[in-house]
Amino acid sequence: MAKKRTNVVPIIEDARHPQKYRMLVPMVDVIFADVAQPDQARIIALNAHNFLKNEGHIVISIKASCIDSTVDAATVFARERSRRCCW
């Protein structure tokens with residue numbers, strides 16, 4: 001898809017370490033995050049701090065079972081929605 005849409009930059013790298021790909025990625029208007037990690041909100045906030053333009057947006061695909069498999073998904077979604085990250 002990124003070959004046809006030149007405004008899309010796929011990152012196939014460990015998102016917990018944005019310094020590894022910092023020189024490859026410009027500042028962006030939108031970050032779409034599909035990260036399957038328990039601390040995905042923190043990971044997205046870290047990447048937003050490094051790459052998101054002022055007034056930019058984040059779209060996150062929340063993986064409830066990766067965050068906490070001991071509670072129902074609705075509870076995890078509500079908890080993640082209530083997080084407020086500053087970047």
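Owing to the predicted nature of the structure, the values given are computational and were not obtained by experimental measurement.
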Next item on the list: Indicate, with yes or no, if Met23 and Leu46 share a hydrophobic cluster defined by side-chain heavy-atom contacts under 4.5 Å among Ile, Leu, Val, Met, Phe, Trp and Tyr.
Entry: no

Checklist line | Over all atoms of both residues, closest heavy-atom pair of Ile60 and Gln40 | finding: CD1-OE1, 3.7 Å

Margin query: Measuring only between side-chain heavy atoms, which start at C-beta, is Val30 closer than 4.5 Å to Ile58?
Written below: no

Check: So which heavy atom on Asn50 is nearest to which on Met27, and how close?
Finding: O-SD, 3.3 Å

Next item on the list: Quick one: which residue pairs count as a ring-ring contact (aromatic ring centres under 6.0 Å, His included) with a foot in residues 23-47, not counting sequence neighbours?
Entry: none

Next item on the list: Determine which pairs satisfy side-chain hydrogen bond (donor to acceptor under 3.5 Å, both in side chains) with at least one residue from residues 21-38, sequence neighbours left out, and list them in order.
Entry: Tyr21-Asn47, Asp34-Lys63

Notebook entry, point to check: Is Phe51 reachable from Leu24 through a run of hydrophobic residues whose side-chain heavy atoms are each under 4.5 Å from the next?
Noted result: yes

Check: Got Ile67 and Ile62 here, is their nearest side-chain heavy-atom distance under 4.5 Å?
Finding: yes

Margin query: With ring-ring contact (aromatic ring centres under 6.0 Å, His included) as the rule and sequence neighbours excluded, what pairs involving residues 57-78 come up?
Written below: none

Checklist line | Salt-bridge criterion met for Arg79 and Asp68 (N-O under 4.0 Å) | finding: yes

